[in-house]
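For reference, the structure discussed in these notes is given below.
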Amino acid sequence: MRLTVLGCAGSFPGPESACSAYLVEEDDFRLLIDFGSGSLTALQRYAGLHAVDAILLTHLHCDHMLDACTYVVVRRYDPSGPLPPIPVYAPAGAPDRIAAAYSQDEGPVDDVYTFYGLQPGTFPIGPFTVTVDRVNHPVETYGVRLESKGRVLTYSSDTAPCEALLRLALGADLFLCEASYLDGMDNPPDLHLTGREAAEVATKAGVGQLLLTHLVSAWGSEADTLDAASAAFTGPLEIVRPGSRYEI
Ligand SMILES: [Zn+2]
Ligand SMILES: [Zn+2]
């Protein structure tokens with residue numbers, strides 16, 4: 001499978017990146033994981049306006065879902081006529097939330113999206129075997145493990161340390177993990193990980209490669225995050241960029 005980072009800015013768009021959005025492709029099937037604010041621009045730049053066969057939203061914070069609202073226009077008003085609905089796997093509140101953010105007066109968006117409520121468990125999406133589990137974040141949030149052809153990609157979504165994250169990451173070839181907070185600060189509990197915490201999970205889970213994401217550029221320091229992570233994980237490790245591609 002191939003991962004393309006569309007957006008990786010944590011919490012709000014940064015000067016160089018949209019918010020979270022990751023395109024995962026296998027056998028011409030394209031799964032978009034998260035669709036955060038600003039990432040529709042990146043979808044067009046790095047893939048294509050229609051390069052999405054299914055969407056998985058890990059949670060309903062703006063920086064992970066807001067461009068799913070913007071995307072309604074793309075599919076509903078295509079010059080060739082309305083495009084067929086695509087599946088959206090998301091927490092149960094997604095249909096109302098996306099419809100309300102799109103417009104308070106125009107009703108549901110089920111002509112654009114066919115919604116499937118997420119619950120902890122394993123299910124197929126296209127060629128992928130997908131396992132999701134609740135992670136440690138203030139709203140209903142799912143970490144994601146994708147398997148295909150014996151390869152494994154795990155994405156933390158937003159989370160503080162938790163057992164579910166460790167289970168999802170066990171033995172993953174590539175672990176895309178958030179590192180929002182700086183080590184050594186008085187960070188609020190049960191929200192996010194530091195670089196060191198992300199690396200500790202990666203080491204315990206025995207992952208092949210660690211990719212750090214969801215850094216908040218206005219408040220953080222890439223160098224400090226990388227230093228802290230490197231001290232706790234000795235395998236290949238980097239901070240992702242918009243447009244970065246990884247073959248898994
Ligand atoms: Zn976030
Ligand atoms: Zn969040």
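Whatever order the structure lists them in is the order used to number ligands and atoms, beginning at 1. Quick note: residue numbers are just sequence positions, from 1.
- Judged by distance alone, the side chains of His192 and Asn187 never bring a donor and an acceptor atom under 3.5 Å apart.
- For the Zn ion (ligand 1), the set of nearby N, O or S atoms under 2.8 Å includes one belonging to Asp63.
- Counting backbone and side-chain atoms alike, His214 contributes an N/O/S atom closer than 2.8 Å to the Zn ion (ligand 1).
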| said: Between Tyr89 and Phe123, is the ring pair (Phe, Tyr, Trp, His ring centres under 6.0 Å) condition met? List the steps. | reply: CA-CA 11 Å; Tyr89 302 82; Phe123 55 95; 5.6 Å; yes
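- Here the N, O or S atom of His64 that is nearest to the Zn ion (ligand 1) is NE2.
- Cys19 lies apart from the Zn ion (ligand 1) in this respect, since none of its N, O or S atoms is found at a distance under 2.8 Å.
- To the nearest 0.5 Å, atom CE of residue Met1 and atom OH of residue Tyr246 are 15.0 Å apart.
- Atom CD of Gln44 has more than 12 heavy atoms from other residues, nucleotides or ligands within 6.0 Å.
- No other N/O/S atom of Asp158 lies as close to the Zn ion (ligand 1) as OD2 does.
- Between the CZ atom of Arg75 and the CD1 atom of Ile86 there is a distance of 4.5 Å, given to the nearest 0.5 Å.
- Residue His61 approaches the Zn ion (ligand 2) most closely through its N/O/S atom ND1.
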